[in-house]
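Values reported hereafter were calculated over all heavy atoms of this structure, with side chains retained and with hydrogens, waters and symmetry mates removed. In what follows, every chain begins at residue 1, and chains take the letters A, B, ... in the order their sequences are listed.
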Amino acid sequence: MKYWLMKSEPDVFSIDDLKKNKTSPWEGVRNYQARNFMRDDMKKGDIVLFYHSNAKEIGVAGLATVSKESHPDHFAWDKKSKYYDPKSPKENPRWFMVEVKFKEKFPRMVTLGEIKEEKSLKDMRLIQKGNRLSIMPVTKSEYEKIVKMSEK
DNA sequence: GCCAACGTTGGC
DNA sequence: GCCAACGTTGGC
């Protein structure tokens, strides 16, 4: 089993939205590296740190699990979708997505500031300079540390 | 709203 | 294949 961090802008889709919907497709990823993680490496049951970016409060808001493995992002086929991409035809889809399922909302957010201050998390990809990846792998120990931080 | 750091596109 | 121009991400 693997661990992941997935970024979402809470104004668009927050941990509360996921809680309400129970499951959600992770549509709209239009970056090859992030796509490759979803398409090739994410397996059902993997755990996801749900991260709120571009918000008043930035950080890990809770947990989700992968409930459906990679399949074509059909929003790319929908001309009315903001994720429409004519370069991803049905016959040869370019973009893929997984489905995630709500697991829990942390009693309190583990903020980006706290993550930056925590020495044992200094190697997290999240806080490497210039990293804009919206989906990235997280180690087991990083995952466990963040869960622990959410508890106090 | 600003802007640094990327990633993508397209002309050559 | 190079690289300038452009678009996006995301913290502040």
Side-chain angles (χ1 to χ4, degrees), chain A residues 2-21 23-42 46-66 70-100 102-139 141-143 145-150 152:
Chain A
K2 295 196 182 72
Y3 301 88
W4 304 94
L5 182 142
M6 297 174 93
K7 295 179 184 173
S8 183
E9 300 191 21
D11 290 345
V12 179
F13 190 75
S14 72
I15 188 85
D16 292 317
D17 295 323
L18 182 61
K19 184 176 185 179
K20 202 177 346 162
N21 296 356
T23 66
S24 176
W26 205 268
E27 78 277 14
V29 171
R30 298 290 179 266
N31 168 283
Y32 291 105
Q33 237 185 316
R35 176 205 68 183
N36 291 348
F37 284 137
M38 284 200 291
R39 190 189 59 188
D40 305 333
D41 298 325
M42 292 183 86
D46 283 0
I47 295 184
V48 174
L49 297 171
F50 195 111
Y51 181 87
H52 283 179
S53 67
N54 247 318
K56 258 188 187 163
E57 271 213 306
I58 297 166
V60 179
L63 300 175
T65 55
V66 176
S70 165
H71 50 290
D73 181 341
H74 58 260
F75 290 83
W77 306 334
D78 178 1
K79 280 192 177 156
K80 279 174 280 179
S81 169
K82 68 169 177 170
Y83 299 123
Y84 174 65
D85 183 354
K87 290 174 185 162
S88 184
K90 277 189 187 178
E91 317 82 65
N92 182 25
R94 177 183 290 195
W95 304 119
F96 292 79
M97 62 185 180
V98 297
E99 179 191 83
V100 299
F102 177 78
K103 184 172 165 68
E104 65 174 87
K105 182 181 176 180
F106 285 161
R108 61 171 208 88
M109 173 179 278
V110 178
T111 66
L112 178 61
E114 291 174 285
I115 291 171
K116 283 181 173 168
E117 278 171 26
E118 173 54 48
K119 281 199 182 120
S120 61
L121 297 177
K122 70 174 168 36
D123 291 329
M124 269 190 87
R125 213 154 164 174
L126 177 69
I127 54 176
Q128 302 313 307
K129 189 180 154 94
N131 185 18
R132 300 184 318 176
L133 259 189
S134 64
I135 297 174
M136 66 189 85
V138 170
T139 67
S141 63
E142 288 163 351
Y143 158 75
K145 182 70 192 175
I146 284 175
V147 169
K148 211 167 274 174
M149 288 164 78
S150 77
K152 58 179 178 195

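The side chain of Ser53(A) lies closest to dG11(C), out of dT9(B), dG7(B), dG11(C). Among the nucleotides dT9(B), dG7(B), dG11(C), the one closest to any side-chain atom of Arg94(A) is dT9(B).
Among the protein residues, Ile127(A) comes within range of no part of the nucleic acid, since none of its heavy atoms lies under 4.0 Å from any strand. Using a 4.0 Å heavy-atom criterion, one finds that Lys56(A) contacts no nucleic acid atom at all.
Taking all atoms of both residues into account, the shortest heavy-atom contact from Met136(A) to Leu126(A) is SD-N, 3.4 Å.
Counting only distance, with no hydrogens or angles, the side chain of Ser8(A) and the backbone of Phe13(A) share a donor-acceptor pair below 3.5 Å.
Remark: Tyr51(A) is in phosphate contact with dG11(C), judged by side-chain N or O atoms under 4.0 Å from OP1 or OP2. One finds a side-chain N or O of Lys116(A) lying less than 4.0 angstrom from the OP1 or OP2 phosphate oxygen of dC12(C).
Sequence order on DNA chain B of the closest nucleotides to Asn54(A) and Gly130(A) puts Asn54(A) first from the 5' end.
Judged by atom type and distance alone, Arg132(A) reaches the base of dT8(C) through a side-chain donor-acceptor pair under 3.5 Å.
Phe106(A) contributes atom CZ, which lies 4.0 Å from atom OG of Ser150(A) (distance to the nearest 0.5 angstrom).
Nucleotide dG7(C) holds its C1' atom 13 Å from the CG atom of Asn31(A), rounded to whole Å. Rounded to whole Å, atom P of dT9(C) lies 18 Å from atom CZ of Arg125(A). Note: CE (Met136(A)) to C1' (dT9(C)) measures 11 Å, nearest angstrom. Atom NZ in Lys129(A) sits about 7 Å away from atom P in dC6(B), given to the nearest Å. Whole-Å rounding puts the Arg30(A) CZ to dT8(C) P distance at 13 Å. Summarising the geometry, the separation between CG on Asn131(A) and C1' on dT8(C) is reported as 14 Å, rounded to the nearest angstrom. Residue Tyr32(A) contributes atom OH, which lies 6 Å from atom P of dT8(B) at whole-angstrom precision. If you measure from atom CG of Leu126(A) to atom C1' of dG10(C), you get 11 Å, rounded to the nearest angstrom.
Within 6.0 Å of CD in Glu57(A) there are 12 or fewer heavy atoms belonging to other residues, nucleotides or ligands.
Remark: of the listed residues Asn31(A), Asp85(A), Asp73(A), Asp85(A) is the sole one forming a side-chain hydrogen bond (donor to acceptor under 3.5 Å, both in side chains) with Trp95(A).
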